[in-house]
2 protein chains.
Amino acid sequence: MRVLKYAILGLLDKGRLSGYDITSKFKEEIGHFWSAKHSQIYPELKKLTEEGFVEYQIVIQGTKLEKKVYSITELGKTELHEWMNQYSPIPETQKDEFMLKAYFVSSMSPEEAKQLFEDQLEKRKQTVVFLEERFQEFEGKEEPISFSSPDFGHYLVLSRALEREKSYISWLERMIKRIGG
Amino acid sequence: MRVLKYAILGLLDKGRLSGYDITSKFKEEIGHFWSAKHSQIYPELKKLTEEGFVEYQIVIQGTKLEKKVYSITELGKTELHEWMNQYSPIPETQKDEFMLKAYFVSSMSPEEAKQLFEDQLEKRKQTVVFLEERFQEFEGKEEPISFSSPDFGHYLVLSRALEREKSYISWLERMIKRIGG
DNA sequence: CAGGCCATGTAAGGCGTTACATGATTAC
DNA sequence: GTAATCATGTAACGCCTTACATGGCCTG
């Protein structure tokens, strides 16, 4: 599948980036849905260069520090576009360790179960606070953001991340009531 | 982390199972949130046996076929319980290839984007149809299912899977309107 | 001048999938 | 008898994380 390959191509299609920059991007909004460590990114960039999907220029930062600034090639753009237009099946499994514990809830007392669920609720609520702050950026506008905006992708991931958490919270709250405990 | 270890211990805590049975379980309801292939399960069972968390008896199926039926040991129960009561942080990244594409939507025409989103919507709707069928089992009852029911874990995963899909669908529908196309 | 950040790489090991390999049982 | 399912294992390979390793830059 090599999804990281396409993640990098997609990021470079938005603009020129170093390996370090790509690492940083995965700590920002897209990190809610895909990420990788620098130890995986640098070898992948090397491979993509060999394959001709990206190329780089060395830029000197300060007086000595060498930085490789990557850009996507025409070949890379074609490759990215092909992947973007290829509809893949929804994976049957979306791993969630908390839900695995939930499935085994009968091995716990109601008190323990309640605490487990309350902890998860608390953490999800904190995430929502953080996400809602970021989301402000898009809410204040007179004109709602449109497809043609360069920030539309950013809007999509933030709004989805928010909705995902809110749905989780609403479910947790209903289930906590059922547990009693 | 060794989550598969705990997944297997949790399943065996509900009852005696062969490696094949465990593989089957991961194709059923818990498979929405955790799964593994038999090629990963058999070595893990071997390791868990060596560690003393599980033990097995050989059962003859038919006249020749040897089956290893595993059960959890007291040591295994302690280990499981420890994991169940250990609250872990929510992983920052919950990988979703479709959302990665969504983030790169500006590399597409509105028509292409709309088709990508419509395809995703269609697939998620099909999942909901399937999940709702399974969920019938719990809806018809006079008494709503309670924590003490042995099926409560089953109920939790099904209701969460359903809600997760419904939330995704509602978001997709709103975003499709925004795309226009 | 020190601490945090920028910047790039490699190595070891665990996790996970696909493929290879084999054979028995059951239901039609 | 034959196809689907039951049943268990190993091998190869790719993905991913943690740790090892190094050094420059910038701000206070």
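Each chain gets a letter, A, B and so on, in the order the sequences are listed, and its residues count up from 1. In this text, all values refer to a predicted model and were calculated from it rather than measured experimentally. Note: hydrogens, waters and symmetry copies are ignored here, and every other heavy atom, side chains too, is used.
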Closest approach to the side chain of [X], judged atom by atom: which nucleotide of [options] is it?
X	options	value
A/Lys64	D/dC25, C/dG9, D/dT8	D/dC25
A/Tyr42	D/dT8, C/dA7, C/dT17	C/dA7
B/Lys95	C/dG16, D/dC16, C/dG9	D/dC16
B/Lys37	C/dT8, C/dT17, D/dC16	C/dT17
B/Pro43	D/dC25, C/dT25, D/dT10	D/dT10
B/Asp21	C/dT25, D/dA7, D/dG9	D/dA7
B/Gln40	C/dT25, C/dG16, D/dT18	C/dG16

Measure the distance from [atom1] on [X] to [atom2] on [N] and round it to the nearest whole Å.
X	N	atom1	atom2	value
B/Leu17	D/dT8	CG	P	11 Å
B/Lys67	C/dT26	NZ	P	10 Å
B/Ile22	D/dC6	CD1	C1'	15 Å
B/Arg2	C/dG13	CZ	C1'	14 Å
B/Glu44	C/dC15	CD	P	7 Å
B/Gln61	C/dA27	CD	C1'	15 Å
B/Leu45	D/dT10	CG	P	12 Å
B/Gln94	D/dC16	CD	C1'	17 Å

Legend entry - Sub-4.5 Å side-chain heavy-atom contact between B/Leu156 and A/Phe117: yes

Inset, instruction - For A/Met1 and for B/Ser24, find the nucleotide of DNA chain D with the closest heavy atom, then tell me which residue's nucleotide is more 5'. - result: B/Ser24

Legend entry - Residue whose nearest DNA chain D nucleotide is more 5′ - B/Tyr20 or B/Lys46: B/Tyr20

Inset, instruction - Kindly check if the number of other-residue, nucleotide or ligand heavy atoms within 6.0 Å of NZ (A/Lys46) is above 12? - result: no

Inset, instruction - For atom NZ of A/Lys141, decide whether the heavy atoms of other residues, nucleotides or ligands shown that lie under 6.0 angstrom number more than 12. - result: yes

Legend entry - Test item: A/Lys14 side-chain N/O and A/Pro150 main-chain N/O as donor-acceptor pair under 3.5 Å: no

Legend entry - N/O (side chain, B/Lys68) to phosphate O (OP1/OP2, D/dG9) under 4.0 Å: yes

Inset, instruction - Return the 5'-most residue of the pair B/Lys47, A/Ser39 with respect to DNA chain C, ranking by each residue's nearest nucleotide. - result: A/Ser39

Legend entry - Which residue lies more 5' along DNA chain C, comparing B/Ala36 with B/Ile60 via nearest heavy atoms: B/Ala36

Inset, instruction - Assign the ring pair B/Phe138 / B/Phe135 to parallel, tilted or perpendicular, where the plane angle (0 to 90°) is split at 30° and 60°. - result: tilted

Inset, instruction - Quick one: label B/Lys5 by what it contacts on the DNA or RNA (base, sugar-phosphate, nothing), any heavy atom closer than 4.0 Å. - result: nothing

